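Structure record follows, encoded as structure tokens.
All residue numbers in this chain count up from 1 along the given sequence. Because only heavy atoms are used, hydrogens play no part in the values below, and waters and symmetry mates are left out as well, while side chains stay in. Here the structure is a predicted model, which means the values were calculated and not measured.
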Amino acid sequence: MPELPEVETVRRGLAPHLEGHVIARAEARRPDLRWPLPPDLVQVVTGARVTGLRRRSKYILVDLEDRGSILLHLGMSGRMLIEGAVQGEFQRDPAILSRHDHVVFWNDEGTQITFNDARRFGMVDLIAPGAEHPMLAHLGPEPLSDDFAPDVLIRAFAGKKTPVKAALLDQRLVAGLGNIYVSEALYRAGIDPRRLAGRISATRIAALTGHIKDVLHEAIAAGGSSLRDHRQATGELGYFQHSFRAYGREGQPCATPGCAGIIRRIVQSGRSSFYCPTCQK
């Protein structure tokens, strides 16, 4: 499942082809993905000018002038593909099958922007002007915003009897964090993913807040992590996976200089957690 850095990378790749442009044409090639597509999707977006692209948690919002917003979620295998009006301007990977092109937009310059989703766990929906989508209603602060400060996380963890890994994955506490980047941030902070959130000192939580921001910024700069399906909107792979210090490194030596620990994998709430039992306490 794409996490915040992958979604932010896609948003940035789409922005030059949507922001300030008019959606000249649109097609919905099936009635549903994970949930039914809005029956008036094509009617609402055709002719609309895009005033901006935003990311909230793991969602992309395409703001339309006077017509609300398009809400996109990539699901497990969703991709946004860009194909230029000029042949060869953008090259489509032949391995990405066109039969999985489910929603297609064309901007006023003829550029084609396609939502391709082989497994159909993604989502395309509409938000009416002035409304709030239920998927966004209870999200916590954005971890890269000024709203996510050490005191915010300290208050969120106070008295919590759940493991810190589970707490950080709770989208009501922090929006957009996922399994990969929580594992990496906890490793850098030296915190065992099994430790109860309410038993972590304020000093360590403050340091963890900084590590979360650092990991996310570095991952975005690297184009995200391409483990299975993620590609940037240009078709390029992300490469932050080459910088993993914990995630996916079970049985390998700890990357901390001077540490003789070996990375372990455990399962927490059905998800793999990777940590160093020597460094992380």
Side-chain angles (χ1 to χ4, degrees), residues 1-4 6-83 90 92 96-108 110-139 171 175-176 178 224 228-235:
M1 186 80 70
E3 300 183 23
L4 186 156
E6 288 75 48
V7 177
E8 176 62 19
T9 299
V10 171
R11 184 201 69 80
R12 294 182 183 188
L14 291 175
H17 310 287
L18 285 173
E19 283 187 336
H21 290 280
V22 170
I23 299 177
R25 180 183 163 204
E27 286 184 8
R29 296 179 176 175
R30 59 177 300 110
D32 57 9
L33 291 171
R34 185 172 187 179
W35 292 289
L37 296 175
D40 58 346
L41 174 65
V42 171
Q43 176 184 350
V44 169
V45 306
T46 301
R49 182 172 296 279
V50 177
T51 57
L53 264 73
R54 296 178 286 138
R55 181 194 50 76
R56 182 70 172 108
S57 183
K58 302 173 188 178
Y59 298 87
I60 295 173
L61 291 97
V62 183
D63 295 326
L64 307 175
E65 188 174 38
D66 302 323
R67 301 191 194 184
S69 304
I70 305 169
L71 184 69
L72 304 172
H73 191 277
L74 299 176
M76 296 178 68
S77 61
R79 296 170 174 172
M80 300 301 299
L81 308 176
I82 299 170
E83 298 175 71
F90 298 100
R92 182 190 182 109
I96 303 176
L97 301 179
S98 60
R99 69 169 178 267
H100 301 308
D101 293 351
H102 303 310
V103 180
V104 187
F105 307 105
W106 286 266
N107 71 12
D108 46 15
T111 301
Q112 179 177 320
I113 300 101
T114 302
F115 188 102
N116 177 285
D117 188 358
R119 301 183 192 180
R120 301 203 303 272
F121 278 103
M123 180 181 74
V124 179
D125 207 352
L126 292 172
I127 305 175
E132 182 176 33
H133 198 280
M135 294 291 188
L136 309 179
H138 304 292
L139 293 174
Q171 299 298 295
R228 181 178 295 177
D229 294 303
H230 169 68
R231 287 174 181 264
Q232 301 178 55
T234 58

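- Contact between Glu3 and Glu6 at its shortest, heavy atoms only, is N-OE1, 2.8 Å.
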Go through Trp35 and Asp125 one step at a time and tell me if the side chain to side chain contact (heavy atoms under 4.5 Å, CB included) criterion holds. CA-CA 9 Å; Trp35 292 289; Asp125 207 352; over 6 Å; no
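- Taking CE from Met123 and NE2 from His73, the interatomic distance works out to 7.0 Å, rounded to the nearest 0.5 Å.
- We find the CD1-NE2 distance between Ile113 and His17 to be 7.5 Å, quoted to the nearest 0.5 Å.
- Note that CE of Met135 is 12.0 Å distant from CD of Gln171, once rounded to the nearest 0.5 Å.
- Under a 3.5 Å cut-off, the side chain of Arg67 and the backbone N or O of Thr46 do form a donor-acceptor pair.
- Shortest non-hydrogen contact noted between Ala48 and Val44 is CB-O, 4.1 Å.
- Put simply, the side chain of Leu136 reaches to within 4.5 Å of the side chain of Tyr59, judged on heavy atoms.
- Ser69 contributes no side-chain N or O that, together with a main-chain N or O of Ile127, makes up a donor-acceptor pair within less than 3.5 Å.
- The only member of Leu33, Ile70, Asp101 that meets side chain to side chain contact (heavy atoms under 4.5 Å, CB included) when paired with Phe115 is Leu33.
- With rounding to the nearest 0.5 angstrom, the CZ atom of Arg49 is 11.5 Å from the CG atom of Asp66.
- Note: His102 NE2 to Asp117 CG = 5.5 Å, rounded to the nearest 0.5 Å.
- The shortest heavy-atom contact between Ser77 and Ala118 is OG-N, 3.5 Å.
- With Glu19 as the fixed residue, the side chain to side chain contact (heavy atoms under 4.5 Å, CB included) test singles out one of Leu14, Val62, Leu53, Asn107: Leu53.
- Across every non-hydrogen atom of Glu83 and Thr114, the tightest pair is OE2-OG1, 4.1 Å.
- Side-chain contact check for His100 and Asn116: no donor-acceptor pair (N or O, by modelled atom type) lies under 3.5 Å.
- A distance of 10.0 Å separates CG in Asp108 from CG in Leu18, rounded to the nearest 0.5 Å.
- Between Gly68 and Pro129 the shortest heavy-atom distance is N-CG, 3.4 Å.
- In terms of modelled atom types and a separation under 3.5 Å, the side chain of Arg120 and the main chain of Gly122 share no donor-acceptor contact.
- Of all heavy-atom pairs spanning Phe105 and Ala26, the tightest one is CD2-CB, 3.9 Å.
- Between the side chain of Glu65 and the main chain of Val50, no donor-acceptor pair closer than 3.5 Å is present.
- A heavy-atom distance below 4.5 Å is found between the side chains of Met80 and Leu72.
- Distance alone, capped at 3.5 Å, is enough to place a donor-acceptor pair between the His21 side chain and the Pro16 backbone.
- With contacts defined as side-chain heavy-atom distances shorter than 4.5 Å, the pair Arg55/Leu4 qualifies.
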